[in-house]
There are 2 protein chains.
Amino acid sequence: MARTSLAERQDIHNSEGPALCRACEARHRGICGALTPNQLVALSKHTARHAYGSDEELAATGDDVRRYANILSGVVKLTRLMADGRQQIVGLQFAPDFLGRPFKRQSDVSAEAATDVSVCSFPKSVIEGMIDQSPELGHRLHEQALKELDEARDWILTLGRKSATEKVASFLYLIASHVDPEHKAEDGPICFELPLKRADIADFLGLTIETVSRQITKLRKVGTIVVEHNRTVTVPDLRRLRECCEVDR
Amino acid sequence: MARTSLAERQDIHNSEGPALCRACEARHRGICGALTPNQLVALSKHTARHAYGSDEELAATGDDVRRYANILSGVVKLTRLMADGRQQIVGLQFAPDFLGRPFKRQSDVSAEAATDVSVCSFPKSVIEGMIDQSPELGHRLHEQALKELDEARDWILTLGRKSATEKVASFLYLIASHVDPEHKAEDGPICFELPLKRADIADFLGLTIETVSRQITKLRKVGTIVVEHNRTVTVPDLRRLRECCEVDR
DNA sequence: CGTCCTATTGAAATTCTTCAACACTCGTGG
DNA sequence: CCACGAGTGTTGAAGAATTTCAATAGGACG
């Protein structure tokens with residue numbers, strides 16, 4: 001016991017934070033990167049890790065959500081449901097995104113795991129208390145909201161004005177760019193697993209499963225993508241895929 | 001001259017802020033409501049009012065925008081344009097919304113006046129300096145970003161999953177609720193001017209002008225709305241209009 | 001081996017777009 | 001005062017894109 005306690009104190013002193021956090025891959029990139037070691041220690045007293053399987057609900061529509069979370073791994077889909085069952089994915093979140101809607105009790109979107117997901121959650125109240133002491137934290141949350149807003153607006157253009165082929169290409173490009181955020185492999189081939197099944201892709205693109213399937217087949221047949229086992233996609237030339245996102249009339 | 005100067009000093013002393021701001025209808029609702037009288041005075045030294053006619057551009061895509069603005073009156077459309085000319089409105093902003101994208105030099109959306117618009121603009125640098133001193137200001141900007149994000153996600157559902165009739169009904173409902181934010185007149189009839197012409201409505205809904213026109217005609221013929229002079233809409237029963245936003249299959 | 005889940009494919013039906021014609025309003029200038 | 005054109009909105013008919021309905025196939029799992 002004494003050893004642990006010493007180690008923890010050392011963590012604080014050498015500005016590395018709690019052991020739990022040091023082992024966290026999202027430690028520097030998520031909102032935690034804005035916290036001081038002391039804040040991290042305080043926060044880590046209230047954190048809990050959770051794992052969810054595909055299609056499991058992290059937070060239901062209308063829930064009085066009292067906790068926020070950081071995504072440690074996996075992809076989370078934010079969905080909206082209409083009374084008659086029509087569904088639309090209104091946002092996708094990847095690690096190390098922050099999950100939650102600050103300053104509001106309820107939300108009309110529900111969060112579901114698209115893949116296997118693990119998160120690190122903590123009570124709203126703790127974070128909200130820290131915002132007042134650490135402007136940097138509030139700033140990061142603000143930044144994330146603005147980033148999500150930019151992404152939502154990109155998606156509005158896609159939903160409103162693109163053809164089915166362009167939509168599917170845009171989705172694949174979105175995933176590809178997320179695998180390779182810096183566009184390093186602009187030339188070389190990229191390979192990735194689709195985090196969404198066809199039904200989810202359809203709900204994301206505002207199409208039917210069948211249309212999605214047909215467009216993927218189409219892209220496959222012209223060689224823009226190679227698909228194995230339905231989920232593994234290889235893009236031989238990213239530029240060619242990007243061209244499919246816009247020019248198709 | 002001496003009189004003016006005295007009056008200005010009194011403004012400061014009685015905590016009412018500069019005369020310019022006192023006469024401003026957006027004074028308390030926009031971000032200015034988060035400023036101290038001293039900050040308002042400082043800000044007002046750099047503010048300028050501008051007026052724009054319909055379809056005039058407030059800020060072009062890719063502009064290095066150095067100023068923010070508050071909308072004093074009118075409606076602003078945020079649009080995205082594709083290389084081949086396809087256009088999509090990705091957001092609508094009404095008085096007293098804040099206009100601008102904090103923490104980012106360029107934006108890929110352009111802002112255009114949908115109606116006649118007047119704004120009160122000021123340099124980014126002034127506001128950004130004030131954020132550090134006034135957490136309340138940063139908080140308000142954050143709130144507005146989150147509000148816009150919620151709205152964008154509502155719209156994503158509309159674009160992705162609703163039929164043309166539902167889309168047009170949803171648009172009319174959006175405008176109607178904006179005229180009457182508290183839904184006071186849930187029962188009684190509501191009358192308003194459409195701030196957008198048909199082409200803009202089409203760009204907002206991801207439809208063509210013709211389809212919009214046909215759906216309006218359809219809603220008119222079943223008595224859900226009454227239209228005069230193309231732009232003046234009366235909704236006899238808001239509930240009936242709301243029903244059209246979801247149930248139509 | 002059967003069942004469930006996921007994905008693909010075909011044919012018919014539907015929705016929305018495109019193309020084309022026309023109507024209305026408003027300002028300008030003969 | 002009227003003709004003209006530009007800008008805006010409506011309507012019809014044909015065409016294209018997407019959905020719906022239906023059938024099939026493969027993989028995972030008990």
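Lettering follows sequence order; numbering is per chain, from 1. Since we're looking at a predicted model, the values are computed, not measured.
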Using atom [atom1] of [X] as one end and atom [atom2] of [N] as the other, report the distance to the nearest whole Å.
X: A:Glu228; N: D:dG26; atom1: CD; atom2: C1'; result: 16 Å
X: A:Arg198; N: C:dT9; atom1: CZ; atom2: P; result: 10 Å
X: B:Arg161; N: C:dT15; atom1: CZ; atom2: C1'; result: 15 Å
X: A:Lys221; N: C:dT8; atom1: NZ; atom2: P; result: 11 Å
X: B:Asn230; N: C:dT25; atom1: CG; atom2: P; result: 9 Å
X: A:Arg86; N: D:dT20; atom1: CZ; atom2: C1'; result: 14 Å
X: A:Leu159; N: D:dT18; atom1: CG; atom2: C1'; result: 15 Å
X: B:Lys162; N: C:dC16; atom1: NZ; atom2: P; result: 14 Å

Take B:Leu58 and B:Glu112 through the side chain to side chain contact (heavy atoms under 4.5 Å, CB included) test and state the conclusion after the steps.
CA-CA 5 Å; B:Leu58 310 203; B:Glu112 281 177 38; over 6 Å; no

Sidechain N-carboxylate O distance under 4.0 Å for [X], [Y]:
X: B:Arg153; Y: A:Asp108; answer: no
X: A:Asp154; Y: B:Arg80; answer: yes
X: A:Lys77; Y: A:Asp203; answer: no
X: B:Arg242; Y: B:Asp237; answer: no

A:Arg231 side-chain N/O to C:dT6 phosphate OP1/OP2 under 4.0 Å
no

In this structure, is the centre-to-centre distance between the rings of A:His46 and A:Phe122 below 6.0 Å?
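Ring centres of A:His46 and A:Phe122 not closer than 6.0 Å.
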
Among residues 205-215 of chain B, which ones have heavy-atom contacts with DNA chain C below 4.0 Å?
B:Gly206, B:Leu207, B:Thr208, B:Glu210, B:Thr211, B:Arg214

With nearest nucleotide decided by heavy atoms, which residue, B:Asp55 or B:Arg220, maps closer to the 5′ end of DNA chain D?
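It is B:Asp55 whose nearest nucleotide is closer to the 5' end.
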
